[in-house]
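Heavy atoms only: backbone and side chains are in, while hydrogens, waters and symmetry mates are out. As the structure is a computational prediction, the values presented were derived from the model and not from experiment.
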Amino acid sequence: MQRPDVPTTAHAGGSMIGGEEPSATLEAEQIQLLLDALPALISYIDDEERYRIVNRAYERWFGEDRGSLAGRRVGEVIGDSAYAAVKPRIDAVLGGQPQDFESRLVYRRGGRRHVRIQYIPHVGASGEVRGFFTLVTDISEQKRAEEARRFLADATALLDPVLDRDTSYRRVAELAVTSVADWCSVHTIEPDGALRARVIAHADPDKAELVSRLAQRSRIPPEAETPLHEVLQGGPGRLLSEIPDSVFAGVARDAEHFAALRALGCRSAVIVPIRGEECVLAALTLASAESGRAYTAADLAFAEELAQCIQVALQRMRLYDMARDAEAEARRRFLAEQEARRAAERAAQRMAGLQRITAALADALTFDAVAEVVVDQGVAAAGAYGGSIVVTAGDAVECLKAVGYAPGIVERFRRMAASDGLPITDPLRTGAPVWLRTRKECAARYPDFAAAALTSTTSSLCCLPLVVQERRIGVLGLSFAEPRPFDHEEQEFLLALSRQCAQALERARLHEERAAIIERERRVALENARLYREAHEADRRKDEFIAMLSHELRNPLAPITTGLELLRMTTGERGDRDDSQILATLERQVKTIVRLVDDLLDVSRITRGKIELKRERLDVGAVVETAVESVRPLLAQRRHELALSVEPGVFVHGDRVRIEQIVVNLLTNAIKYTNPGGRVSLSCAASDGDAWIRVTDTGVGISAELLPRVFEPFMQARRTLDRSQGGLGVGLTLVKRLAELHGGRVEAVSAGPGEGTAISVWLPLAGASVESAAAPSTEAPRSGAGALRVLLVDDNVDAAEGLRRILQLHGHTVAMAHDGPAALEAARASKPELVLLDIGLPGMDGYEVVRRLRAEPELRGSYIAAVSGYGQDQDRRRSREAGFDAHLTKPVATAQLLALVAEAAPRG
């Protein structure tokens, strides 16, 4: 029964499945006609694997009316074998995955086919898979053509000209039954006219025994008239689409033979001639059996092409045989010249031995390994019974390796003086080889050696110098059990052996030196890596120390600074001059400590690349004026005269705070290192595209040794016991690095100790000059806001108390807490508009406190500022991420505090 959601089309009779309107029926009939015209199988299969729509190609493939296929399952139609192969693909497409694949299938009625199959899922409106469309294309012929081309290439590769005919036939037959035939045979015609099977191969291993028996009984009498006879007698190739029993009867010798032939199950065959230059040499038969394949004219053409390949190969064999015969004739002539033959053999043996030694020496990378190869293999290649290698060791020679000699002899000549008159040492002195052809010759040239060391085993010997680039590095000695003529060819061979040995020894020496260098470099690299890690760790610890130092210094400085502010306020009211001077002194010293801490942190940040410049167009004169005001108290204290020469309208593109810091550090440095009552000059002008700032003093000067290092961290002139100059030696380092961050440079000039110093800074000009911006006011801002409710949270009671008094003097209401929980309770009680919160609180730190305050609905509008001794960039970033509105670094100046109060006021 047709499901309502399945696509439908017309049956052959014109009726519609589903009862559509006439127009829909007409359209469906037209679609069905189009599908029927296509040669490929096209169908629709529902989710129960039943055919709903099929085209006419199914009738041609399966021999059934397509109407009878509707409603039947796939497995029933295509058969168990084909269904087992495609079942995983059907499951996949019903899972929503399109399928496109090739397979060789055996259909229930369609036979064996190589097909390309495409499955397309039919997805309903709600996303469920209702079935799938199929497109099945028969690509058997295409695959068969590909297999044929591949087979011909493989067969051609198998046909080696050195093979005989039967071997060639057998190789082709064995290859054929793997792809293009179920069995293959090659027949030849005997002189008496009978046919003989030279080769028979079968694809089924179980039938190998039957094929073997057939091969033994395969002589077909000449009176039989078969297609094989016709082909072998010069006829064309034969195509047997179906093999009748008459063919088997024509070649069978008896009933048993006939039954055996029938048992092969041959159904179709092609028989083609393998031709020689003048006659047919053999007949090649390709037959099908179990595969059920029916050969066609295309298969006949393929078989004829294969036969031509075999024919070409046989011609190559014939030519090879001719060449081999010619070679044999030449060899026979060569063998007639006995002496030449023996010389050639000896040369070949020596060359082979030399090649083996050369190959072995390629892997010998030490002196001992080289000696092992040369002595062991060289002795055998030379036909000697013993041999040794000695090498130079200063004025002596040492034996590296010896074989074939008695232990006493080896030990006696383990080390010798190079000047000893011995066969083994003479080549080192003369550079010429020593050839001793007989014992008599040896005794005549070296009587002492012959009497003391020449054993009865030795009849002749030679000693060959080992030379590398005219350097004599050793000697190779060989001993023979029989007299040797040492003719020219043998001398050349032995000298070649010695040259190989010398080169290998030199290569080993270089390798050992290179290995030693590499090992040294490895150790140096490891040491450098260790030193780098230690330096990196030391640098990290230094940064941590500086950060901790600044925190620990700023914590006590906070109440001191605040207290001084309070004292200054109250002293100003009383008008006590002495107290004012004392306060001014204390303020200067505190500012000095704060500046030292800031300088340390700035140097650390710049070194680690953590400083970001806030650039703007600046009037250098205005910045210089602000810097001068900052150092006037120190100038007055030291009673120095300050001379200023500032050219107006000099602009740079830079960070106002950092450039002011450069000028302040230069002036401070000049003031400190100039004796009281001295002179300090500051000049500023535009010069060659740069803004030029120069500070000159009449102070202690700089020695020539120290001058090149004056900008390095912690470098100072020699300090006196009273340490009148003070400082940490980072001020000029900071000047140099800040100038370089702005794209500028610095230079220090001094005529020597007592001659004063001039330090210049060049910064790039900012282009066309415009009206200078007004310099920022250095006067502390007044809190013009109304009274605020302020919560002070700090575990340092002194610091908190000082800030509380300043805030109360300016009319604000202040509550205090000294830990996290108390701060939360005080905030809930007082509802502060401004919270000054220390980060390093006991128990609950400031980060947790600010998060909890932000979670209180009534406190979300409060302005919360962090007050901490940690003031580096990462500390400010972390406080901002935690929820703070601002970050103040201890000690907090009154001006800074009041500016913060003014910013918080609008939120109140």
Compare all side-chain heavy atoms of Val397 with those of Thr425 and state whether any distance is below 4.5 angstrom.
-> yes
Which residues satisfy the ring pair (Phe, Tyr, Trp, His ring centres under 6.0 Å) test with Phe480, sequence neighbours excluded?
-> Phe486
Distance-only check: which donor-acceptor pairs under 3.5 Å involve side-chain atoms of residues 374-385, not counting sequence neighbours?
| from | atom 1 | to | atom 2 | distance (Å) |
| --- | --- | --- | --- | --- |
| Tyr385 | OH | Thr458 | OG1 | 2.3 |

Under the salt bridge (charged side-chain N to carboxylate O under 4.0 Å, His left out) test, residues paired with Glu506 that sit two or more places apart = Arg471, Arg509
Taking atom types as modelled and ignoring hydrogens, do the side chains of Tyr405 and Ser479 form a donor-acceptor contact shorter than 3.5 angstrom?
-> yes
Would you check if Leu497 and Leu476 make a side-chain contact, meaning some heavy-atom pair closer than 4.5 Å?
-> yes
Mind checking what makes side-chain contact (heavy atoms from CB on, under 4.5 Å) contact with Thr188, not counting sequence neighbours?
-> Glu190, Arg196, Arg198, Ala282
Do Arg445 and Leu436 have side chains that get closer than 4.5 Å, going by heavy atoms?
-> yes
Side chains of Ile200 and Trp183: closer than 4.5 Å at any heavy-atom pair?
-> yes
Find out whether Ile389 and Val475 are in side-chain contact, i.e. whether some heavy atom of one side chain is under 4.5 Å from a heavy atom of the other.
-> no
Test log, rule side-chain contact (heavy atoms from CB on, under 4.5 Å), inputs Arg499 and Cys501 = CA-CA 5 Å; Arg499 286 192 292 270; Cys501 177; over 6 Å; no
Identify, with sequence neighbours excluded, every residue that meets side-chain hydrogen bond (donor to acceptor under 3.5 Å, both in side chains) alongside Thr757.
-> none
Of all pairs that satisfy salt bridge (charged side-chain N to carboxylate O under 4.0 Å, His left out), the ones with a partner from residues 405-416, not counting sequence neighbours | Glu398-Arg415, Glu411-Arg414
With no hydrogens and no angle check, is any side-chain donor or acceptor of Arg745 less than 3.5 Å from a backbone partner on Trp762?
-> no
Under the salt bridge (charged side-chain N to carboxylate O under 4.0 Å, His left out) test, which residues partner Glu755, sequence neighbours left out?
-> none
Residues at least two apart in sequence or cross-chain that pass side-chain contact (heavy atoms from CB on, under 4.5 Å) with Arg507, listed by chain then number, are Leu361, Ala504
Residue Asn528 excluded, over 12 heavy atoms near CG under 6.0 Å = yes
Which heavy atom in Thr430 sits nearest to a heavy atom in Arg472, and how many Å separate them?
-> O-NH2, 3.7 Å
Count the heavy atoms of every other residue, nucleotide or ligand shown that sit under 6.0 Å from CD of Glu513, and state whether that count exceeds 12.
-> yes
Glu740: salt bridge (charged side-chain N to carboxylate O under 4.0 Å, His left out) partners, not counting sequence neighbours = Lys736
Contacts of Arg530 that satisfy salt bridge (charged side-chain N to carboxylate O under 4.0 Å, His left out) - sequence neighbours left out | Glu527, Glu534
Given His511 and Arg514, is the side-chain contact (heavy atoms from CB on, under 4.5 Å) satisfied, shown in steps?
-> CA-CA 5 Å; His511 175 78; Arg514 186 162 53 250; 4.0 Å; yes
Step by step, work out the side-chain contact (heavy atoms from CB on, under 4.5 Å) result for Ser760 and Val746.
-> CA-CA 6 Å; Ser760 301; Val746 297; over 6 Å; no
Please tell me if the side chains of Leu466 and Leu505 come closer than 4.5 Å, counting only heavy atoms from C-beta onward.
-> yes
Kindly write out the residues that satisfy side-chain contact (heavy atoms from CB on, under 4.5 Å) with Pro433, not counting sequence neighbours, or none if the list is empty.
-> Trp435, Leu464, Pro465, Leu495
If only atom types and distance count, is the side chain of Thr438 paired as donor or acceptor with the main-chain N or O of Pro483 below 3.5 Å?
-> no
Leu281 and Arg275: CA distance, side-chain angles, deciding distance, side-chain contact (heavy atoms from CB on, under 4.5 Å) verdict = CA-CA 5 Å; Leu281 301 177; Arg275 303 181 185 275; over 6 Å; no
Could you tell me which residues satisfy side-chain contact (heavy atoms from CB on, under 4.5 Å) with Ala181, sequence neighbours excluded, listed by chain and number?
-> Leu286, Tyr295
